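From a predicted model like this one, the values you see are computed outputs, not experimental measurements. In what follows, residues are counted from 1 in the order of the sequence shown.
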Amino acid sequence: MKVVNSQGGGPFLVWTLVVQLVLCGSGVYTADGTKNCKLISESVSERKVLNRLEPLAHKNITAVTKNGTESYTYVFQLCGDAWGVPRAGVVQLDSMKMEEKPTVIGMYDATHVIGGSDWVMLSYTNGDKYDAHCSKKNRKAIVMISCDRKTDVGEMKVVLEDRDRLQDCFYLFELDSSAVCPAIESHISTGSIILIIGFCLLAVYLIGGFLYQRLIVGAKGMEQFPNYAFWLEVGNLTADGCDFVCRSEKREEAPAYRGVAAEPLEEEPEERDDHLLPM
């Protein structure tokens with residue numbers, strides 16, 4: 001709720017406080033929430049959109065607008081009696097004549113609602129008829145509720161009153177709320193979650209084991225690593241297995257590629273043929 005100061009001074013402030021007290025004690029808090037709203041054309045899709053606004057139920061939201069010397073206070077309640085007026089969803093009060101009967105802008109028993117991924121447009125129809133505008137048709141209130149994750153219920157603003165038509169005139173209000181924001185989907189896959197859990201368990205094992213070995217056992221150097229002997233043996237066995245699987249046996253080299261022997265070859269005995277010469 002926001003109290004707006006005006007040039008009227010004290011009387012306006014007093015009446016604004018009276019507005020708050022009446023709203024708090026008007027007995028509009030019910031347990032039905034959005035079920036009190038009656039849709040003009042009941043459908044599952046519209047009811048689903050309306051249910052998104054459930055966090056706004058039982059809350060009175062006010063807005064004040066000024067136009068020259070005129071000042072009006074608007075009271076909006078989701079599917080509840082605004083300003084205590086039965087079936088009124090939005091009412092208008094003259095800020096200088098708060099004791100007068102409020103003007104009903106829209107009724108929550110004639111509701112229409114549409115919504116997108118991060119917005120909902122709520123319409124209350126069958127309000128009081130215009131006296132001289134809009135062919136004396138009924139008033140209608142349109143409340144545009146947009147996503148704002150930083151606030152539960154923001155400040156309601158009066159955008160405009162379009163009454164220069166022959167029919168379908170309306171009051172347009174804006175309101176920010178986290179109620180219409182889409183749910184934030186988690187983009188972490190199952191595999192990523194498993195990896196995160198695995199790294200966390202590994203960190204606990206290493207840190208806890210290190211502290212135990214150092215503080216309880218009194219180990220120094222590499223002996224502080226938890227289960228050092230076990231992991232050393234595992235490393236050796238892994239290396240042996242890799243050597244066994246990935247390496248083949250030694251092969252004999254082809255004769256053409258043999259190196260020259262370093263030792264000198266034995267000299268064959270010289271055959272003497274002196275006995276064949278004529279004597």
Just how far is it from atom OG1 of T73 to atom CH2 of W83, taken to the nearest 0.5 Å? 8.5 Å
For Y205, I'd like to know if atom OH has over 12 heavy atoms of other residues, nucleotides or ligands within 6.0 Å. yes
Minimum heavy-atom separation for G127 and N138, please, with both atom names. O-ND2, 2.7 Å
Kindly say whether V104 contributes a backbone atom to a donor-acceptor pair with the side chain of D128 at under 3.5 angstrom? yes
Under the criterion side chain to side chain contact (heavy atoms under 4.5 Å, CB included), I'd like the reasoning laid out for Y74 against T65: C-alpha separation, chi angles, the key distance, then a yes or no. CA-CA 8 Å; Y74 295 88; T65 181; 3.3 Å; yes
Value for CG (D240) from OG1 (T238), rounded to nearest 0.5 Å, stands at 8.5 Å
Looking just at side-chain N and O atoms, do N51 and T34 make a donor-acceptor pair shorter than 3.5 Å? yes
Qualifying residue, where the test is side-chain contact (heavy atoms from CB on, under 4.5 Å) with L175 and the options are V180, I61, D148: I61
State which residues pass ring pair (Phe, Tyr, Trp, His ring centres under 6.0 Å) with F170; sequence neighbours excluded, sorted by chain then number. none
d(I145 CD1, S177 OG) to nearest 0.5 Å is 7.0 Å
Aromatic Y171 / basic R139 pairing, under 6.0 angstrom, 45° off normal: no
Around atom CH2 of W231, are there more than 12 heavy atoms from other residues, nucleotides or ligands closer than 6.0 Å? no
Would you check if there is a donor-acceptor pair between the side chains of D81 and Y108 at a distance under 3.5 Å? yes
Side chains of Y72 and Q92 only: does a donor on one sit below 3.5 Å from an acceptor on the other? no
L160 atom CG: more than 12 heavy-atom contacts under 6.0 Å: yes
Go through the structure and list residues passing salt bridge (charged side-chain N to carboxylate O under 4.0 Å, His left out) with R47, not counting sequence neighbours. E42
Do you know the tightest heavy-atom contact between R163 and C169? CA-SG, 3.6 Å
Please say whether more than 12 non-hydrogen atoms of neighbouring residues, nucleotides or ligands are located less than 6.0 Å from CD1 in I188. no
Provide the closest heavy-atom pair for D118 versus P182 in the form atom of the first, atom of the second, distance. CB-CD, 4.0 Å
Return the CG to NZ distance between L166 and K137, rounded to the nearest 0.5 Å. 9.5 Å
Considering all heavy atoms of both residues, which atom of G209 and which atom of P226 are nearest to each other, and what is their separation? CA-CB, 3.7 Å
Shortest non-hydrogen pair, D168 vs R165, comes out as O-NH1, 3.5 Å
To the nearest 0.5 Å, tell me how far L50 CG sits from C79 SG. 5.0 Å
Which heavy-atom pair separates Y124 from G89 by the least distance, and what is that distance? CE1-CA, 3.5 Å
Applying salt bridge (charged side-chain N to carboxylate O under 4.0 Å, His left out) to R87 and not counting sequence neighbours gives D109
Could you go through E54 and L78, starting from their C-alpha distance and side-chain angles, then the distance that decides it, and tell me whether this counts as side chain to side chain contact (heavy atoms under 4.5 Å, CB included)? CA-CA 8 Å; E54 186 68 31; L78 178 67; over 6 Å; no
